[in-house]
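Note that the structure is predicted; figures quoted are calculated from it, not measured.
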Amino acid sequence: QVQLVESGGGSVQAGGSLRLSCAAFGYPYIVSSYCMGWFRQAAGKEREGIAVTDSVTSRTGYADSVKGRFTISKDNAKNTLYLQMNSLKPEDTAMYYCAAGWATWGLGCAAGRAHELKFRGQGTQVTVSS
């Protein structure tokens, strides 16, 4: 069974940066085998898929709301996924979740569908103050 554990959330002022991590457990090759992604959910709002990276080529995709500010990456040796978040805005305030699943690039493996991936962690809170 795949288990995902996020960390790195916190409170930051607008314009600041945070780096989220997602450690994968269950077997050694999760981040190199699955479509990996991040999604977020703000209070009272629907889940929003924001970034994905695929298993084979590590290409990346982003939602327009974070493009140019957020970077998704992974370390296969550490079985860990990252999300570098720069130029944070108050509207980025949300619970951030890591997700993993079998999905084809451009279909299920797409930024806007990251929240539909099969496995997900418990989330880490990000709060951006103005």
Side-chain angles (χ1 to χ4, degrees):
Q1 181 72 357
V2 173
Q3 183 181 6
L4 304 172
V5 180
E6 303 93 339
S7 62
S11 297
V12 65
Q13 288 191 328
S17 298
L18 283 173
R19 188 194 195 201
L20 305 184
S21 298
C22 170
F25 301 93
Y27 65 95
Y29 309 110
I30 294 171
V31 298
S32 61
S33 302
Y34 286 86
C35 171
M36 302 293 299
W38 292 93
F39 68 94
R40 64 187 181 185
Q41 187 166 23
K45 295 189 178 181
E46 295 186 352
R47 293 174 296 180
E48 177 191 15
I50 57 173
V52 291
T53 180
D54 79 346
S55 60
V56 178
T57 67
S58 296
R59 56 192 146 180
T60 58
Y62 300 93
D64 288 344
S65 58
V66 306
K67 195 174 296 182
R69 301 187 297 122
F70 291 10
T71 302
I72 187 172
S73 63
K74 60 183 180 178
D75 186 327
N76 291 338
K78 294 183 178 179
N79 221 9
T80 300
L81 181 74
Y82 302 99
L83 185 69
Q84 178 66 43
M85 306 186 296
N86 299 329
S87 302
L88 283 161
K89 305 174 182 180
E91 51 263 44
D92 294 318
T93 295
M95 186 72 79
Y96 282 72
Y97 299 87
C98 170
W102 296 110
T104 302
W105 182 258
L107 298 176
C109 192
R113 300 189 64 179
H115 57 290
E116 299 176 2
L117 295 171
K118 181 176 182 179
F119 303 105
R120 62 193 62 172
Q122 293 300 307
T124 185
Q125 178 67 38
V126 172
T127 302
V128 184
S129 59
S130 58

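The pair Lys67-Asp64 meets the salt-bridge criterion, since a charged nitrogen lies less than 4.0 angstrom from a carboxylate oxygen.
Using a 4.5 Å heavy-atom threshold, the side chains of Ser17 and Gln84 count as touching. By the 4.5 Å heavy-atom criterion applied to side chains, Leu117 and Cys35 are counted as neighbours. Using a 4.5 Å cut-off on side-chain heavy atoms (C-beta onward), Trp105 and Val52 make contact. Contact of the Ile50 side chain with the Tyr62 side chain is not registered, since no non-hydrogen atoms from C-beta on lie closer than 4.5 Å. With a 4.5 Å cut-off on side-chain heavy atoms, Thr71 and Thr60 do not count as touching.
Here the OG-CD distance, from Ser7 to Gln122, works out to 13.5 Å after rounding to the nearest 0.5 Å. In this structure, SG on Cys98 lies 4.0 Å from CE on Met36, to the nearest 0.5 angstrom. Atoms CG and OG, from Asn76 and Ser32 in turn, are 4.5 Å apart once rounded to the nearest 0.5 Å. A distance of 6.5 Å separates CZ in Arg47 from CD in Gln41, rounded to the nearest 0.5 Å. Between Ser129 atom OG and Gln13 atom CD the span is 5.0 Å, to the nearest 0.5 Å.
Judged by the 6.0 Å distance and 45° axis criteria, Arg19 is positioned over the aromatic ring of Tyr82.
Applying side-chain contact (heavy atoms from CB on, under 4.5 Å) to Arg40 and the options Leu83, Thr93, Asp92 leaves one that passes, Asp92.
Although no hydrogens or angles enter the test, the distance criterion places a donor-acceptor pair under 3.5 Å between the side chain of Lys74 and the main chain of Asp54. Judged by distance alone, with hydrogens and angles left aside, the side-chain atoms of Asn79 form no donor-acceptor pair with the main-chain N or O of Gly26 at under 3.5 Å.
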Test side chain to side chain contact (heavy atoms under 4.5 Å, CB included) applied to Thr80 and Val31, step by step: CA-CA 7 Å; Thr80 300; Val31 298; 5.8 Å; no
Audit row: Ser65, Glu48, side-chain hydrogen bond (donor to acceptor under 3.5 Å, both in side chains) steps and yes/no: CA-CA 10 Å; Ser65 58; Glu48 177 191 15; 2.8 Å; yes
Residue pair Tyr97, Cys22: steps toward the side chain to side chain contact (heavy atoms under 4.5 Å, CB included) verdict: CA-CA 9 Å; Tyr97 299 87; Cys22 170; over 6 Å; no
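Ring planes of Phe70 and Tyr96: tilted class, angle from 30 to 60°.
Here the shortest heavy-atom pairing between Ser55 and Tyr34 reads CB-O, 3.5 Å.
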